Amino acid sequence: MRRPWGKPGSRARRPAAGVTCAGPGESWSPSPSSMLRVLLSAQASPARLSGLLLIPPVQPCCVGPSKWGERLLGGGPHAGPGRGLQRLLEQAKSPGELLRWLGQNPTKVHAHHYPVALRRLGQLLVSQPWPPPVEQATLQDLSQLIIRNCPSFDIHTIHVCLHLAVLLGFPPDGPLVCTLEREQMFHLCPKPSPPLQPALRGGQRLEAALSCPQFLRYPRRQLISSLAEVRPEDLTPHAMVLLAQHLARHRLREPQLLEAIARFLVAQESQLNSKVVQKLVLPFGRLNYLPLEQQFMPCLERILAREAGVAPLATVNILMSLCQLQCLPFRALHFVFSPGFISHVSGTPHAIIVRRYLSLLDTAVELELPGYQGPRLPRRQQVPIFPQPLITDRARCKYSHKDIVAEGLRQLLGEEKYRRDLTVPPGYCTDFLLCVSNSGAVLPVRTQDPFLPYPPRSCPQGQAASDPTTQNPAQRVVLMLRERWHYCRDGRVLLGSRALRERHLGLMGYQLLPLSFEELELQRGLPQLKSYLRQKLQALGLHWGPEGG
């Protein structure tokens, strides 16, 4: 008689002598006799199957860290990213469909999806008076998926999977049950205390802290306290590079930590080469933070003058960070725009990247440095700067508001009166662009030239020069979506790349209409969003069709 399962304190039963439990990387070919004990093979025990319907769906408290920290499951504005897959599993029409959803979405599958799949498997069979047999390969694949991923399960998920596997009739000496039992015992048995580590010096403690997984989500307090314990002589370039990369990667605009990096850079100027400096300067441009350290810029100018010819890509990377801070040094620009430097980088493996960065620097010189009289990037060397949405925007497109804003504009204005993801010279991709007449009427884009001339003609910022002999509108309005990830972690300061894009579009004559994530997240459904967009456009004096009035 099989003992009851599911009591957390019970001992895991070992397989009988001569029975080998397949590990996570091993295959399993059940014999016909063992398959008869599997619920899915023929007419299984209705009593056992009915127990599946009494187990509620698994709803863990969270699905792990995300860009907003811990996100709860269960729908609503804070529903987790795995909720859609869970809904698909709960609505699957066959065991094969269940397996396809799990196998074709590896990046979206979380631990709690596997008990959901097992429970749905039982529901599919008990819902039919004569359940159809399931292919042996389907059972093998489902078992192997759970076996391969169960080391990442928590004790609750392991307990539920084990209980469901027994109810479904998986062999008690088979690999699935054995592996789940082994993981259950691993979680329940007390863990041995870690061996004592020798005392680390301050700089080593900081490096260890930056390498610790606990800093992935909320590292501010621990990092500041770790840095405070470090003596200046214990700081190393490696530790400070780790700190700089950590701040940039997680969008942490922490003045205390950034100032520490700036002071270190100034103090160690003679010891640092440009390849290290580019990594130390990266967070300042990305986080749009100009340090208070007065020697920061003079120090960088001296390093660039000393190292510019040694590492071309590092030199351009440093200038890119300074471009985001609007602090481009004229002497370094003279060097990177010289024919010798351009000819040298054209033959390197980084030629395409360097040409794109030099094109952006040339745009910054054109728009922001009217007093610059040095060499410029030849026209034949220029390439589009940002011809498509940034990598981060493409990666997080499913969290973006762009699709719903596009639908709101379509219903409000009509498809012919806006353009989406249009790249304007010299290569900036815009979210949405409108063509507007002198009177404020939104015009069909197909009848207009949506591009403003570049280089721009001398005219007030935000107003394009109009030619009375043409039909060009007086304004081009760009709707800029400011998503949550376009800001530093504090949600108030735009990242350097976004601020630079908006600054340059404004200097080229485009009128910007920013739409922040905080306002967009308050809109519930298309009617509210359309009302919000209408108010925003009318505040600029725009009107269109019957609704514009």
Side-chain angles (χ1 to χ4, degrees), residues 367-368 400-425 428-483 486-487 492 494 498-549:
L367 298 174
E368 300 181 355
S400 174
H401 294 89
K402 184 172 287 188
D403 287 339
I404 192 171
V405 170
E407 180 61 21
L409 289 174
R410 187 189 69 81
Q411 295 188 18
L412 190 65
L413 306 178
E415 292 186 29
E416 73 281 358
K417 291 189 178 179
Y418 72 92
R419 289 284 297 274
R420 175 177 175 175
D421 293 332
L422 180 67
T423 300
V424 301
Y428 283 114
C429 182
T430 60
D431 293 325
F432 300 97
L433 185 139
L434 311 178
C435 294
V436 183
S437 70
N438 288 323
S439 63
V442 181
L443 305 173
V445 180
R446 67 177 185 276
T447 64
Q448 309 296 322
D449 180 5
F451 304 126
L452 291 178
Y454 181 82
R457 306 168 189 173
S458 58
C459 57
Q461 180 178 347
Q463 292 185 357
S466 59
D467 186 347
T469 63
T470 67
Q471 296 183 352
N472 283 346
Q475 296 181 10
R476 277 75 165 179
V477 177
V478 174
L479 279 66
M480 301 294 296
L481 296 188
R482 292 179 174 178
E483 302 286 7
H486 294 160
Y487 288 85
R492 296 185 298 271
L494 277 174
R498 301 296 304 189
L500 180 141
R501 177 192 299 234
E502 293 190 13
R503 186 167 71 245
H504 283 185
L505 286 172
L507 290 170
M508 285 189 288
Y510 294 92
Q511 186 168 1
L512 303 183
L513 178 58
L515 306 176
S516 72
F517 72 92
E518 295 174 319
E519 295 176 348
L520 291 171
E521 288 179 356
L522 293 176
Q523 314 307 317
R524 295 290 181 263
L526 273 175
Q528 284 192 23
L529 181 68
K530 286 171 58 179
S531 177
Y532 164 77
L533 293 174
R534 183 184 296 110
Q535 293 175 8
K536 285 286 187 178
L537 295 175
Q538 290 177 343
L540 293 180
L542 307 187
H543 57 87
W544 59 94
E547 293 194 45

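None of these values were measured; they are calculated from a predicted model.
Interatomic distance, CG of Leu412 versus CG of Leu537, reported as 6.5 Å (0.5 Å rounding). Between the CG atom in Leu540 and the CG atom in Leu434 there is a gap of 9.5 Å [rounded to 0.5 Å]. Residue Leu520 holds its CG atom at 12.0 Å from CD of Gln528, rounded to the nearest 0.5 Å. In this structure, Leu452 CG and Gln475 CD are separated by 10.0 Å, a value rounded to the nearest 0.5 Å. Interatomic distance, Ser437 OG to Leu443 CG, rounded to the nearest 0.5 Å: 5.0 Å. In this structure, the separation between CZ on Arg501 and CG on Leu512 is 11.5 Å, given to the nearest 0.5 Å.
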Quiz item: Which is it for Phe517 and Leu522 under the side chain to side chain contact (heavy atoms under 4.5 Å, CB included) test, yes or no, and what are the steps along the way?
Solution: CA-CA 9 Å; Phe517 72 92; Leu522 293 176; over 6 Å; no
Practice problem: Begin from the C-alpha positions of Arg534 and Trp544 and carry the test side chain to side chain contact (heavy atoms under 4.5 Å, CB included) through to its verdict. | Solution: CA-CA 10 Å; Arg534 183 184 296 110; Trp544 59 94; 4.1 Å; yes
Exercise. Test Val478 against Leu513 for side chain to side chain contact (heavy atoms under 4.5 Å, CB included), laying out the working first.
Key: CA-CA 6 Å; Val478 174; Leu513 178 58; over 6 Å; no
Practice problem: Determine, step by step, whether Lys530 and Gln523 satisfy the side chain to side chain contact (heavy atoms under 4.5 Å, CB included) criterion, reporting the C-alpha distance in whole Å, the side-chain angles of both residues, the deciding distance to 0.1 Å, and the verdict. | Solution: CA-CA 9 Å; Lys530 286 171 58 179; Gln523 314 307 317; over 6 Å; no
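Among residues two or more places apart in sequence or in another chain, the salt bridge (Lys or Arg N to Asp or Glu O under 4.0 Å) test is passed with Arg446 by none. Every residue meeting the ring pair (Phe, Tyr, Trp, His ring centres under 6.0 Å) condition with His504, not counting sequence neighbours, appears here in chain and number order: Tyr428. For Tyr532, the side chain to side chain donor-acceptor pair (under 3.5 Å) partners are Glu519, not counting sequence neighbours. With sequence neighbours excluded, no residue satisfies salt bridge (Lys or Arg N to Asp or Glu O under 4.0 Å) with Glu518. The salt bridge (Lys or Arg N to Asp or Glu O under 4.0 Å) search around Glu502 returns Arg482, not counting sequence neighbours. For Ser516, there are no side chain to side chain donor-acceptor pair (under 3.5 Å) partners, not counting sequence neighbours.
The two atoms that bring Met508 and Pro425 nearest to each other are SD-O, 3.4 Å, heavy atoms only. The shortest heavy-atom contact between Arg498 and Leu494 is CB-CD2, 4.2 Å. Contact detail for Pro450 and Cys435: the closest heavy-atom pair is CA-SG, 4.0 Å. For the residue pair Leu507 and Pro456, the shortest heavy atom distance occurs at O-CG, 4.1 Å.
Between the side chains of Glu483 and His401, at least one donor N or O lies within less than 3.5 Å of an accepting N or O.
Residues Leu505 and Val424 have side chains in contact (heavy-atom distance under 4.5 Å, counting atoms from C-beta outward). The shortest side-chain heavy-atom distance between Phe451 and Thr423 does not fall under the 4.5 Å cut-off. Considering only heavy atoms from C-beta on, Tyr418 stays 4.5 Å or farther from Val442 through its side chain. Arg476 has its side chain out of reach of Val436: every pair of non-hydrogen atoms, C-beta onward, lies at least 4.5 Å apart. Residues Ile404 and Leu526 are in side-chain contact: their nearest non-hydrogen atoms beyond the backbone lie under 4.5 Å apart.
Pairs passing the salt bridge (charged side-chain N to carboxylate O under 4.0 Å, His left out) check and including a residue from residues 406-416, sequence neighbours excluded, read Glu407-Arg410.
Looking only at distances, no side-chain donor or acceptor of Thr430 sits under 3.5 Å from a matching main-chain atom of Phe432.
Note on Asp431 versus Arg420: no salt bridge recorded, every NZ/NE/NH1/NH2 to OD/OE distance being 4.0 Å or above.
Heavy atoms of other residues, nucleotides or ligands lying less than 6.0 angstrom from CZ of Arg419 number 12 at most.
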